[in-house]
**Q** 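The structure is given below, and queries will be raised subsequently.
First listed ligand is number 1; within each ligand, the first listed atom is number 1.
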Amino acid sequence: STLGASAAERGGRYFGAAVAAGRLGDSTYVNILNREFTSVTAENEMKWDATEPSRNSFTYTGADRIVNHAIGRGMKIRGHTLLWHAQMPGWAQALSGSTLRTAMINHVTQVATHYRGKIHTWDVVNEAFADGGSGGRRDSILQRTGNDWIEAAFRAARGADPGAKLCYNDYNTDGINAKSTGIYTMVRDFKARGVPIDCVGFQSHLGTSISGDYQANLQRFADLGVDVQITELDVAQGSNQANIYASVTRACLAVSRCTGITVWGIRDSDSWRAGENPLLFDASGNKKAAYTATLDALNGG
Ligand code: G3I
């Protein structure tokens with residue numbers, strides 16, 4: 001079987017990969033993508049610097065190549081990401097205050113409107129919480145427009161594409177810790193006040209071990225009434241790699257509101273983590289032990 005087919009048999013879950021438009025001409029890459037995966041995330045092509053390189057001038061060339069590939073093969077599309085402090089275009093980095101706020105909301109509205117009806121889930125806001133023990137927001141020019149910037153973004157996204165699931169997405173949230181608890185508190189507040197949020201993404205860029213409360217953390221978010229998704233999974237190569245992939249997969253399957261898993265690339269050679277060989281296929285496109293462990297976990301092993 002395949003990752004996508006096995007995930008679908010487990011409650012209709014998807015199994016996705018981050019895709020780079022520039023690799024869609026590589027037949028080894030495309031063959032694996034088409035065979036194994038039922039969802040795609042654009043690795044960079046939907047980010048603010050790519051889609052609005054100058055103010056109010058939108059370009060969707062790379063993103064549309066990925067979207068059209070996915071639609072042509074019946075794959076779902078995760079939108080990544082409407083707002084992130086990184087990969088902002090220079091013109092937006094030069095703004096602040098109410099001018100930046102207006103530009104942010106316009107960006108969310110324009111991009112979500114362009115893709116209305118095509119995106120299964122949007123990462124509306126990415127990486128807005130601080131690392132470390134504070135549990136608070138990350139300082140950024142977005143945050144400095146006012147603490148309500150995240151909810152303003154979610155409301156704009158809902159208005160532009162009412163059918164898309166709207167996610168908050170972050171990393172170092174792979175267990176119960178100060179950062180994940182800060183996000184948990186925000187989501188609980190959003191649900192209490194009717195701010196439109198549907199899901200939380202757990203990037204899951206993992207090292208050589210996994211937190212023992214990984215599943216419990218997913219479950220506590222699900223218990224707030226949101227879906228959870230594993231959105232950018234990759235795991236450092238090491239003796240534990242296959243086991244960690246299997247553990248993450250089993251954790252998602254054990255949480256009924258965990259609706260899908262995305263790995264952050266296809267072959268090790270496609271990964272942003274150069275040298276760590278963190279993916280399911282080697283540079284030649286061969287299945288690794290981590291692939292087999294993931295598939296076995298999807299099949300109930
Ligand atoms: O597009 C330019 C190209 O024109 C230029 O010639 C080249 C020279 O360096 O750079 C190209 O841009 C690179 C871009 O990837 C596209 O390849 C950037 O330098 C590079 O920094 C960028 O890295 C991406 C990174 O986000 C940026 O922060 C990675 O591919 C991408 O995998 C990574 O993805 C993020 C998620 O979006 C959010 N979570 C963490 C994750 C890993 O960092």
**Q** Hydrophobic clustering (ILVMFWY, side-chain heavy atoms < 4.5 Å, transitive) - are Met104 and Phe190 grouped together?
**A**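 Same hydrophobic cluster.
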**Q** Any idea which part of Tyr171 is under 4.0 Å from ligand 1, heavy-atom wise: side chain, backbone, both or neither?
**A**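 For Tyr171, no heavy atom sits under 4.0 Å from ligand 1.
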**Q** Can you pull out the closest protein heavy atom to atom 32 (O) of ligand 1? Residue, atom name and distance to 0.1 Å, please.
**A**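 Going atom by atom, the protein heavy atom closest to atom 32 (O) of ligand 1 ends up being Glu43 OE2, 2.5 Å.
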**Q** Below 6.0 angstrom between ring centroids: does that apply to His85 and Trp48?
**A**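 Ring centroids of His85 and Trp48 are no less than 6.0 Å from each other.
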**Q** Please tell me if atom 37 (O) of ligand 1 is touched by the protein, where touching means a protein heavy-atom distance below 4.0 Å.
**A**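 Under the 4.0 Å cut-off, atom 37 (O) of ligand 1 does have protein heavy-atom neighbours.
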**Q** Return the residue, atom name and 0.1 Å-rounded distance of the protein heavy atom closest to atom 40 (C) of ligand 1.
**A**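 I find the closest protein heavy atom is Glu232 OE1, 3.2 Å.
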**Q** What protein heavy atom is closest to atom 33 (C) of ligand 1, reported as residue, atom name and distance in Å?
**A**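 Sorting protein heavy atoms by distance from atom 33 (C) of ligand 1 puts Lys47 NZ, 3.8 Å first.
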**Q** Does Asn169 approach ligand 1 within less than 4.0 angstrom via side chain, backbone, both or neither, non-hydrogen atoms only?
**A**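 Answer for Asn169: neither.
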**Q** Between Trp91 and Glu52, is there a donor-acceptor pair closer than 3.5 Å when you use the side chain of the first and the backbone of the second?
**A**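 Flag set: sc Trp91 to bb Glu52 pair under 3.5 Å.
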**Q** Both conditions, 6.0 Å and 45 degrees, for the charged tip of Lys76 above the ring of Phe37: are they met here?
**A**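 Not satisfied by the 6.0 Å and 45° rule.
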**Q** Could you tell me whether atom 4 (O) of ligand 1 has a protein heavy atom closer than 4.0 Å?
**A**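 No; the ligand atom in question lacks any protein heavy-atom contact below 4.0 Å.
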**Q** Under a plain distance cut-off of 3.5 Å, with no hydrogens placed, do Ser204 and Tyr214 share a side-chain donor-acceptor pair?
**A**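 Checked: Tyr214/Ser204 side chains pair up, N/O donor to acceptor below 3.5 Å.
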**Q** Under 4.0 Å from atom 43 (O) of ligand 1, is there any protein heavy atom?
**A**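 It does; a protein heavy atom is within 4.0 Å.
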**Q** What do you reckon, does Trp84 have a nitrogen or oxygen under 3.5 Å from a nitrogen or oxygen of ligand 1?
**A**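 No: no nitrogen or oxygen of Trp84 is under 3.5 Å from one in ligand 1.
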**Q** Can Gln229 and Thr121 be counted as having a side-chain donor-acceptor contact under 3.5 angstrom?
**A**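 A pair is found: one side chain offers a donor N or O, the other an acceptor, under 3.5 Å apart.
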**Q** Using a 3.5 Å distance criterion without hydrogens, assess whether the side chain of Asn217 forms a donor-acceptor pair with backbone atoms of Gly175.
**A**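 Yes: the side chain of Asn217 pairs with the backbone of Gly175.
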**Q** Within this structure, what is the NE2-OG distance for the pair His205 and Ser271, rounded to the nearest 0.5 Å?
**A**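 Taking NE2 in His205 and OG in Ser271, the distance rounds to 9.0 Å.
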**Q** Considering both backbone and side-chain atoms of His80, is one of its nitrogen or oxygen atoms within less than 3.5 Å of a nitrogen or oxygen in ligand 1?
**A**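 Between His80 and ligand 1 (N or O atoms, distance only) the closest approach is under 3.5 Å.
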**Q** Kindly state if atom 29 (C) of ligand 1 has a protein heavy atom within a strict 4.0 Å cut-off, that is, under 4.0 Å?
**A**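 Yes; the ligand atom in question has protein heavy-atom contact below 4.0 Å.
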**Q** Below the 3.5 angstrom mark, is there an N/O of Asn126, backbone or side chain, next to an N/O of ligand 1?
**A**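 Not met; the criterion fails.
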**Q** Please name the residue in the list Phe58, Tyr60, Trp122 that meets the ring-ring contact (aromatic ring centres under 6.0 Å, His included) test with His114.
**A**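 So, applying the ring-ring contact (aromatic ring centres under 6.0 Å, His included) to His114 and each of Phe58, Tyr60, Trp122, only Tyr60 qualifies.
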**Q** For atom 27 (C) of ligand 1, find the nearest protein heavy atom and state the residue, atom name and distance (0.1 Å precision).
**A**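 The protein heavy atom lying closest is Gln87 OE1, 3.1 Å.
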**Q** Who's the nearest protein heavy-atom neighbour of atom 34 (O) of ligand 1, and how far?
**A**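 Result for atom 34 (O) of ligand 1: Trp264 NE1, 3.3 Å.
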**Q** Can you confirm whether something in the protein, heavy atoms only, sits under 4.0 Å from atom 10 (O) of ligand 1?
**A**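 No; the ligand atom in question lacks any protein heavy-atom contact below 4.0 Å.
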**Q** Which atoms of ligand 1 have any heavy atom of Glu127 under 4.0 Å away?
**A**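 Close to Glu127: 38 (C), 39 (N), 40 (C).
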**Q** Note the single closest protein heavy atom to atom 23 (O) of ligand 1, along with its residue, its atom name and the distance in Å.
**A**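 Here the closest protein heavy atom is Asn44 OD1, 4.2 Å.
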**Q** Is there a path of hydrophobic side-chain contacts, each under 4.5 Å between heavy atoms of I/L/V/M/F/W/Y residues, joining Tyr291 to Val40?
**A**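 Yes.
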**Q** Does Tyr29 have Arg267 sitting over its ring (NZ/CZ under 6.0 Å from centre, angle to axis within 45°)?
**A**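 No.
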**Q** So is Arg273 touching ligand 1 or not, going by heavy atoms under 4.0 Å?
**A**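 Checking ligand 1 against Arg273, which is what was asked, there is no heavy-atom contact under 4.0 Å.
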**Q** Under 4.0 Å from atom 20 (C) of ligand 1, is there at least one protein heavy atom?
**A**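 There is no protein heavy atom less than 4.0 Å from atom 20 (C) of ligand 1.
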**Q** Going by atom types only, do Asp170 and Asn126 share a side-chain donor-acceptor pair under 3.5 Å?
**A**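 Distance-only check fails for Asp170 and Asn126.
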